[in-house]
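Single-structure report; data block below.
Note that the structure is a prediction, hence the values are computed from the model and not measured. Excluded from the calculations below are hydrogen atoms, water molecules and symmetry mates; all remaining heavy atoms, backbone and side chain alike, are included. Just so it is clear: chains get the letters A, B, ... in the order the sequence lines come, proteins before strands, and each one is counted from 1.
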2 protein chains.
Amino acid sequence: MLETSARLLRLLSLLQTHREWSGAELAQRLGVTGRTVRRDVDRLRELGYPVHATAGVSGYRLGAGSTLPPLLLDDDEAVAVAVGLRTAAGGGVTGIEESSVRALVKLEQVLPARLRARVGTLQSMTVPLTAAGPTVDPELLTAVAAACRDHEGLRFDYQSHDGSETTRLVEPHRLVSSGRRWYLIAFDTTRDDWRTFRLDRVRLRTPGGRRFVPRDPPETDLAGYTTRMISSAPYRYRGRFTVHAPAAEVGARFPPAVALVEPLDEGSCTLVSGANSLDEMLFYVMSLGVPFEVHEPGELVDHIRVLIGRLTAALPD
Amino acid sequence: MLETSARLLRLLSLLQTHREWSGAELAQRLGVTGRTVRRDVDRLRELGYPVHATAGVSGYRLGAGSTLPPLLLDDDEAVAVAVGLRTAAGGGVTGIEESSVRALVKLEQVLPARLRARVGTLQSMTVPLTAAGPTVDPELLTAVAAACRDHEGLRFDYQSHDGSETTRLVEPHRLVSSGRRWYLIAFDTTRDDWRTFRLDRVRLRTPGGRRFVPRDPPETDLAGYTTRMISSAPYRYRGRFTVHAPAAEVGARFPPAVALVEPLDEGSCTLVSGANSLDEMLFYVMSLGVPFEVHEPGELVDHIRVLIGRLTAALPD
DNA sequence: AGGGGTTAGGTCAATTCCGGTCCTAGGTGT
DNA sequence: ACACCTAGGACCGGAATTGACCTAACCCCT
């Protein structure tokens, strides 16, 4: 029944806006019997959303489960999420820029027009206040990210080092961020080869290209690109680790501009990573939550020793 | 049928992750016939989500409608949204801090534990890099906001001006942000009166208070609080406007620390607003999208004249 | 310790809906 | 012109949904 699905969504929405609801109130809001509300709650639980309930006084509450339920946002909240994601994508060193862009593409694809305008104006208010250095236009960022995701060609003017402009027609493959910069890895169809473009030098043109079937980027090239990025990026330290987890799993956790992962055997791999401070580098590796060993740099080894000492001293007697 | 609802959600999720899908592919992924997919698409459309379709080559695409569909995020995206919202809530001058906090409460309420940990560590990475001045702990912020939303009592230690600490038991009413600071308006049950607390001086204790029935805050007091905030806040300009829209509507668009709204008649009201620049102030009023008149300050009037001149000159012949 | 309010869940009957299998029409791009 | 895709009608057997009623268990407050 269509009505049932819609009611489940409404119920989920209600449970997200207020923490606690009584069965009777939910029944009234949804226009059904209390018995049906209990059945709907059961349905949500079967779908994996943990609805806790306590008898006595005011009872149903949505808790945190193992999987994230669909988020039902109102207008203001949607705008806040979009603005937040834009600034997060704009960047830094936390390594979530690419996830932010993915989420942003998802959101902006379905964002009602009236809200889109508000996001734009608010963003233009906040950027000049927080930006330090060249930032990339969020509109451009999401447009290119969407093209990568959907395998749609791109046409743009590109300004090279010497200032000359050329028009490119490419098949976008992937966006990677490094510090405050964004790079596009794409197959340049006119030059018939893979190229990387600095996004802040891209001026998108309409119409773009047509849809294309993604071609495999040469593995060695992508890895080579990554090492180049690591060595050329303004990272102060470069670390080498052996991580006891499958290479695929480790690689999925790092943006390609930050780390190079090479498999050693089934359950371990070598990780080469760049970072600006010893703590940051350690943070990256520690966040994996798996055993590892440090090979370089020596300072990091010393640093870890110091940390161990501090931690030990911090223990109660 | 439970399966139908789950399938609709899966379909929505698929349509959000890729822009375009063919009916056959959707049918395969969902494990049903193509006919059923068409029916499901119809159901989504009946629910108000505009699914565009183009015949010929690969066809279904989710567009932007009048209402935001439920967002279905994967783990990384959820973490990105949470981190983005936390920094957006942490502050500034854009006026979306309170929406951010509301969205954040919604998200963190249902965020799986494994993701919560990642949000925390990532946040701790980014804060020391971007913070300038005292920021408020996002955990505290969401906890207090949730208590306001759900009418749950709070117990905390409060550090007053002279450094002395007292334990308070309050019924939280509302959070307001002003610049980088957050204030809690609450009814202090031990002192039996309304108080405002600076959030960065609050140290939450467990357990909190019990649920309470919200009492009406004295209207005059809240308005008085707002004017006090405006005059005491570090705003450089203070503007006075007549806005041709109902007071309730205008008031809903501003955080209370930014603007004071008083009704004139059915369809218009007086707006007193603080801002740090003429452009920012103008932005606030312009964003309403309704007619208005400027009374103060004189500089703003001059500024508007200049802007009009520039805009006029910008017109093509 | 007791009572009121609330969640939980079983059962039953009537209604309604769902999914698959046909079918044809109409559009797009090659 | 042809292949491929979306759109939608008709039909049918099986299955799910809903509301009503009733009982059990639980929590909080007095």
Side-chain angles (χ1 to χ4, degrees), chain A residues 1-12 14-15 18-47 49-63 150-153 207-213, chain B residues 1-11 14-15 18-47 49-63 150-153 189 207-213:
Chain A
M1 203 191 284
L2 174 66
E3 205 172 327
T4 310
S5 306
R7 201 180 51 234
L8 279 186
L9 243 51
R10 287 236 309 282
L11 177 56
L12 213 45
L14 288 177
L15 287 175
H18 251 4
R19 176 121 74 194
E20 296 213 319
W21 295 86
S22 76
E25 196 163 1
L26 289 175
Q28 192 193 342
R29 293 238 183 184
L30 299 174
V32 289
T33 322
R35 184 68 184 90
T36 302
V37 169
R38 283 199 291 279
R39 272 195 276 249
D40 281 354
V41 169
D42 264 351
R43 275 190 262 262
L44 287 186
R45 291 202 256 248
E46 274 186 66
L47 285 175
Y49 309 127
V51 183
H52 303 124
T54 54
V57 51
S58 79
Y60 291 102
R61 143 197 270 132
L62 184 59
D150 300 326
H151 312 308
E152 281 172 354
R210 63 185 54 181
R211 215 165 298 113
F212 63 90
V213 290
Chain B
M1 201 191 285
L2 175 66
E3 203 172 329
T4 310
S5 305
R7 200 181 52 234
L8 279 186
L9 243 52
R10 286 240 307 283
L11 177 55
L14 289 177
L15 287 175
H18 252 358
R19 176 121 74 195
E20 295 211 321
W21 295 85
S22 77
E25 196 163 1
L26 289 175
Q28 193 194 342
R29 293 239 182 184
L30 299 174
V32 289
T33 322
R35 183 69 184 88
T36 303
V37 168
R38 284 200 289 280
R39 270 195 278 249
D40 281 353
V41 168
D42 265 351
R43 276 189 261 264
L44 287 187
R45 292 202 253 249
E46 273 185 69
L47 285 176
Y49 309 128
V51 182
H52 303 123
T54 55
V57 50
S58 81
Y60 291 103
R61 142 198 273 134
L62 183 59
D150 300 326
H151 311 308
E152 283 172 353
T189 52
R210 62 185 54 180
R211 215 164 299 112
F212 63 90
V213 291

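How far CG of B:L26 is from OH of B:Y60: 8.0 Å, rounded to the nearest 0.5 Å. Taking CZ of A:R35 as the reference point, atom CZ of A:R39 lies at 4.5 Å (rounded to 0.5 Å).
Between A:L15 and A:L44, some side-chain heavy-atom pair lies under the 4.5 Å cut-off.
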Tabulate atom names and distances for all N/O pairs under 3.5 angstrom spanning the protein and nucleotides 12-14 of chain C.
none

Any N/O pairs under 3.5 Å between the protein and nucleotides 23-25 of chain C? List them or say none.
none

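Taking B:D150 as the reference, A:R19 meet the side chain to side chain donor-acceptor pair (under 3.5 Å) condition, with sequence neighbours excluded. Contacts of A:R10 classified as salt bridge (Lys or Arg N to Asp or Glu O under 4.0 Å), with partners at least two apart in sequence or in another chain: none. B:R38 pairs by the side chain to side chain donor-acceptor pair (under 3.5 Å) definition with nothing, not counting sequence neighbours.
Computed from coordinates, the A:L44 CG to C:dT7 P distance equals 15 Å when rounded to whole Å. One interatomic measurement links the two molecules: CD of A:E20 to P of D:dC28, which rounds to 11 Å at whole-angstrom precision. To the nearest angstrom, C1' of D:dC4 lies 16 Å from CG of B:L26. Separating the NE2 atom of B:H52 from the P atom of C:dG27 is a distance of 18 Å, rounded to the nearest angstrom. In this structure, the CZ atom of B:R45 is 7 Å from the P atom of D:dG8, given to the nearest Å. Rounded to an integer number of Å, the gap from A:E25 CD to C:dT7 P is 11 Å. The distance between atom CG of B:D42 and atom C1' of C:dC18, rounded to the nearest whole Å, is 14 Å.
Residues B:L47 and A:A6 share a closest heavy-atom pair of CD2-CB, 3.4 Å.
When the side-chain nitrogen and oxygen atoms of B:R7 are compared with OP1 and OP2 of C:dG19, one or more of them lie within a distance under 4.0 Å. The shortest distance between the side-chain N/O atoms of B:R35 and the OP1/OP2 oxygens of D:dG9 is not below 4.0 Å. Between B:T33 and C:dG20 there is a side-chain polar atom (N or O) within less than 4.0 angstrom of OP1 or OP2. For B:T36, a side-chain nitrogen or oxygen approaches OP1 or OP2 of C:dG20 to under 4.0 Å. In this structure, B:T4 reaches the C:dG19 phosphate: one of its side-chain N or O atoms is under 4.0 Å from OP1 or OP2.
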Practice prompt. Begin with the C-alpha distance, continue with both residues' side-chain angles, and end with the deciding distance and a verdict on side-chain contact (heavy atoms from CB on, under 4.5 Å) for A:R43 and A:T4.
Written response: CA-CA 10 Å; A:R43 275 190 262 262; A:T4 310; 4.1 Å; yes
Fill in: Pair B:R45-B:D42, salt bridge (charged side-chain N to carboxylate O under 4.0 Å, His left out): steps then yes or no
CA-CA 5 Å; B:R45 292 202 253 249; B:D42 265 351; 3.7 Å; yes
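When distances run from any side-chain atom of A:Y60 to the nucleotides C:dT7, D:dG19, D:dT17, the shortest one goes to C:dT7.
For the pairing with A:V51, the side-chain contact (heavy atoms from CB on, under 4.5 Å) check across A:L12, A:D40, A:L11, A:V41 returns one residue only, A:V41. For the side-chain contact (heavy atoms from CB on, under 4.5 Å) test with A:T33, the passing option among A:T36, A:L30, A:V37 is A:T36; the others fail.
Using a 4.0 Å heavy-atom distance criterion, B:R61 is classed as making no nucleic acid contact. Contact annotation for B:V41: no contact, since no heavy-atom pair falls under 4.0 Å across all strands.
Each end of the helix from C:dA1-D:dT30 to C:dT30-D:dA1 yields a helix axis from five base pairs, and these two axes differ in direction by 70° (to the nearest 10 degrees).
DNA chain C is contacted by both B:D40 and A:A24; A:A24 maps to the nucleotide lying nearer its 5′ end (nearest heavy atom per residue).
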